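I have placed the structure first, in the form of structure tokens, so that the comments after it can refer back to it.
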Amino acid sequence: MTSSESTPSAGSSGGAAILDDLQARGLLARTTDADALRARLDEGPITLYCGFDPTAPSLHLGNLFPLLLLRRFQLFGHRPIVLAGGATGMIGDPGGRSDERNLLDDDALDANLAGILPQLEQFLDFDGPAAARLVDNRSWTANLSAIDFLRDVGKLVTVNQMVARDSVRTRMEGEHGISYTEFSYMLLQGNDYVELAQNADCELQVGGADQWGNIVLGVGMVRRRLGRTVHALTTPLLLRPDGAKYGKSAGGDTLWLSPELMSPYRFHQALLQSTDEEIPDLLNRLTFLPVDDIAAIMADHTQNPGARAAQRAFADAMTDLVHGEAATEAATEAASLLFTKASATHGLEVSERAFEQLSQELETSTVTAAALDAGITPEDLAVGSGIVASKSEARRLISGGGLSVNGRPLEADSITTTTSLAHGRYLLLRKGKKTHRLIIRSAD
RNA sequence: GGGUCGGUGCCCGAGUGGCCAAAGGGAACGGGCUGUAAACCCGUCGGCAUUGCCUUCGGAGGUUCAAAUCCUCCCCGGCCCA
């Protein structure tokens, strides 16, 4: 883990200090019996879990939220279990959806799991006294027969409880109804809790606020099955100013953690562009920076918002966490080349070395010497680089002054030839203020 | 099953034979102002093309010089009746 984490100070008394930290960060939505949970945490390390369904080949920033919650508990000495939902992922959580899910086939699911497992491992310590564990709920559901499931699991819940759930009711009243398959999802999740309580001494399940219903149902199942009281804790959903769930960038791109799906540079940029409005919450809820440090950063930011210290701190902290410090540095360096006034307006003065650097961070495309000799129209240049989707879009942007090459506006009648290249190789294409694409003359 | 209203561009929603690529709003994108922020102002917002062409108004046919608009059948949804 990186050094930017706060470690609980020696003075924080007992394991329940985690609750105070969560509270201070605005990370506490609801818990079952708060006093009982606090008392239990003070007795000593607890085992807790959170589930992640492999619905995509990579986690995104939204998924990171509960994963970091596990990490926070771990930092306070508690033992996290990461549950990869190989089984639940095959069914699909009906919550938050208006339509029936398309079931993932085995291959897609395996591919998704393969992508996610390393990410799940990345943020936790798997050694030491509070070592984390990674489990897949397929290991106890694969051989569960339908009859056993109905007898042992189905008996723990009444349909009345299940139907009362908002997510279910919405779907039942909606156009397409809800299949029995998705209806059963909460039983599987509840059964996970029973399983982990019984065989792993798990006493707490955490998750986002939208998981409250599922988790509490599991708490009840554990009580009926094992006669044991276990706990539930949820965090508020992280929402964008417009109310959408966090995880997408302003432009609508998903903030993938996988560098293949989103380059560290773009990841860093997307976070850097967070609004003032949301930045305090983001710092508190997503980073491990100590609460006091965050308060100091925000004070600076309020003094001089133009410096965007808070955004920088946030983008740096998250990129460190996800991609490592080297990636953060590279992204920052690339950004300073692209956004510093001097280099942004005088792209040709950017050193060759800097272009090499940029070629690592930006999306690039190539162009042949032959094409350059023939001359390239502005539309073809833009479309060919992939920065725009169509010639019409290119034309629109050009007439509005929205495209530039090597720091100069791209004129409608300009022809790009070899002489336009910077350092004989590079064309830095910019769309709007924030989108860049590097075109490199191919070696031939 | 019967009746009735409706299905329009990314979303909402006007349009009931030519002036419709289709009002208006939202989202999105670009410009301006800024701080790679918000708000605000301006512009663009189906595709190709240098005055034009092509594809679009649930689907398939039909009427007409001309249809999102009329007719037929079908599919889907709301409401009412059974």
Side-chain angles (χ1 to χ4, degrees), chain A residues 98-100 171-177 239-246 248-255 262-283 297-316 318-319 328 330-345 347 358 361-363 377-405 407-415 428-437:
Chain A
S98 54
D99 277 338
E100 185 79 5
R171 287 282 298 277
M172 285 174 67
E173 288 164 0
E175 286 181 24
H176 305 296
L239 298 177
R240 302 205 66 98
D242 63 6
K245 276 191 191 176
Y246 205 78
K248 311 262 185 199
S249 75
D253 291 335
T254 302
L255 296 170
M262 175 175 258
S263 77
Y265 169 78
R266 285 205 299 135
F267 182 81
H268 187 263
Q269 279 292 299
L271 301 188
L272 194 64
Q273 287 157 15
S274 304
T275 65
D276 288 0
E277 196 186 344
E278 62 189 338
I279 201 73
D281 268 356
L282 292 176
L283 280 168
I297 291 169
M298 284 314 301
D300 276 357
H301 181 79
T302 313
Q303 279 287 311
N304 179 15
R308 303 153 50 74
Q311 277 88 345
R312 288 178 207 285
F314 173 60
D316 287 356
M318 295 317 291
T319 311
T328 306
T332 310
E333 215 171 305
S336 80
L337 283 171
L338 296 173
F339 292 101
T340 300
K341 290 251 181 341
S343 48
T345 48
L358 287 179
E361 297 303 316
L362 297 181
E363 293 186 46
T377 64
E379 291 96 325
D380 287 339
L381 188 69
V383 172
S385 76
I387 204 167
V388 295
S390 70
K391 287 190 178 182
S392 302
E393 188 187 351
R395 226 167 273 129
R396 260 176 247 132
L397 285 168
I398 290 167
S399 70
L403 283 178
S404 70
V405 174
R408 296 180 187 291
L410 186 56
E411 307 284 350
D413 54 0
S414 65
I415 297 298
L428 181 61
L429 203 56
R430 178 164 64 94
K431 179 177 80 167
K433 229 177 275 189
K434 311 166 193 169
T435 312
H436 297 84
R437 199 64 72 117

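In this text, all values refer to a predicted model and were calculated from it rather than measured experimentally. The sequence lines fix the lettering, A, B, ..., with proteins before strands; numbering per chain opens at 1.
Checking B/rC73 for Watson-Crick or G-U wobble geometry (two distances, each under 3.5 Å) identifies B/rG59 as its partner. Using N1 to N3 plus N6-O4 or O6-N4 for Watson-Crick, or N1-O2 and O6-N3 for G-U wobble, each under 3.5 Å, B/rC40 pairs with B/rG32. Using the Watson-Crick or G-U wobble rule with both distances under 3.5 Å, B/rG1 pairs with B/rC81. Across all strands shown, B/rC65 is found opposite B/rG18 as a Watson-Crick or G-U wobble partner, with both distances under 3.5 Å.
Side-chain atoms of A/T275 lie closest to B/rA38 of the nucleotides B/rA38, B/rG30, B/rG35.
In terms of modelled atom types and a separation under 3.5 Å, the side chain of A/T319 and the main chain of A/A315 share a donor-acceptor contact. Panel note: side chain A/R312, backbone A/A307; a donor-acceptor pair is recorded below 3.5 Å.
In this structure, the CG atom of A/L271 is 14 Å from the C1' atom of B/rA37, given to the nearest Å. Distance CZ (A/R430) to P (B/rC29): 16 Å, rounded to an integer number of Å. Residue A/H436 contributes atom NE2, which lies 15 Å from atom C1' of B/rG30 at whole-angstrom precision. Computed from coordinates, the A/Q311 CD to B/rA37 C1' distance equals 6 Å when rounded to whole Å. Here the C1' atom of nucleotide B/rG35 and the CD atom of A/E277 are 16 Å apart, to the nearest Å. In this entry the distance linking NZ of A/K431 with P of B/rG31 reads 10 Å, nearest Å. Atom C1' of nucleotide B/rG35 and atom CD of A/Q303 are separated by 16 Å, given to the nearest angstrom. Taking atom CG of residue A/L397 and atom P of nucleotide B/rC29, one finds them 12 Å apart after rounding to whole Å.
A donor and an acceptor atom never sit less than 3.5 Å apart when one is taken from the side chain of A/N304 and the other from the base of B/rG35.
Here A/D276 does not pair with A/R308 in a salt bridge; the nearest charged N to carboxylate O distance is not below 4.0 Å.
Residue-level contact check: A/G402 touches the backbone only, with heavy atoms under 4.0 Å from sugar-phosphate atoms and none from bases. A/R395 comes within 4.0 angstrom of a base, heavy atoms only. Nucleic acid contact for A/A335: base, since at least one base atom lies under 4.0 Å from a heavy atom of the residue. Across all strands, A/E393 comes closer than 4.0 Å to no nucleic acid atom at all (heavy-atom distances). Base engagement by A/L272 is indicated by at least one non-hydrogen atom pair under 4.0 Å involving a base atom.
Between B/rG1 and B/rC10, the two P atoms lie 33 Å apart (nearest whole Å). Taking atom P on both B/rA28 and B/rA39, the two are 9 Å apart, rounded to the nearest angstrom. Taking atom C1' in both B/rU63 and B/rC73, the straight-line distance is 15 Å, to the nearest Å. B/rU8 and B/rC70 have their P atoms separated by 16 Å, with the value rounded to a whole Å. Nucleotides B/rG52 and B/rA21 are separated by 14 Å at their C1' atoms, to the nearest Å. Between B/rG77 and B/rA27, the two C1' atoms lie 25 Å apart (nearest whole Å). As rounded to the nearest Å, B/rG9 and B/rU44 have C1' atoms that lie 15 Å from one another. Rounded to whole Å, the C1' atom of B/rC54 lies 42 Å from the corresponding atom of B/rA38.
Evaluation of the side-chain hydrogen bond (donor to acceptor under 3.5 Å, both in side chains) rule for A/D281 yields no partner, not counting sequence neighbours. Applying the side chain to side chain contact (heavy atoms under 4.5 Å, CB included) rule to A/D300 yields no partners; only residues at least two apart in sequence or on another chain are considered. Every residue two or more places apart in sequence or in another chain that forms a side chain to side chain contact (heavy atoms under 4.5 Å, CB included) with A/S385 is listed here: A/S365, A/I387, A/L429, A/R437, A/I439. Checked against ring pair (Phe, Tyr, Trp, His ring centres under 6.0 Å), A/H436 has the following partners two or more places apart in sequence or in another chain: A/F339. Scanning for ring pair (Phe, Tyr, Trp, His ring centres under 6.0 Å) contacts around A/F267 gives A/H323, with sequence neighbours left out.
Both A/K391 and A/P305 sit near RNA chain B, but only A/P305 has its closest nucleotide nearer the 5' end.
Close to B/rA37, at under 4.0 Å from its OP1 or OP2, lies a side-chain N or O of A/K434.
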Check the interface with nucleotides 39-45 of chain B: list each N/O to N/O pair with the protein under 3.5 Å, or write none.
{"residue": "B/rU44", "atom": "O2'", "partner": "A/R396", "partner atom": "NE", "Å": "3.3"}

### Message
Would A/L428 and A/L338 count as a side chain to side chain contact (heavy atoms under 4.5 Å, CB included) here? Give the steps.
### Response
CA-CA 10 Å; A/L428 181 61; A/L338 296 173; 3.6 Å; yes
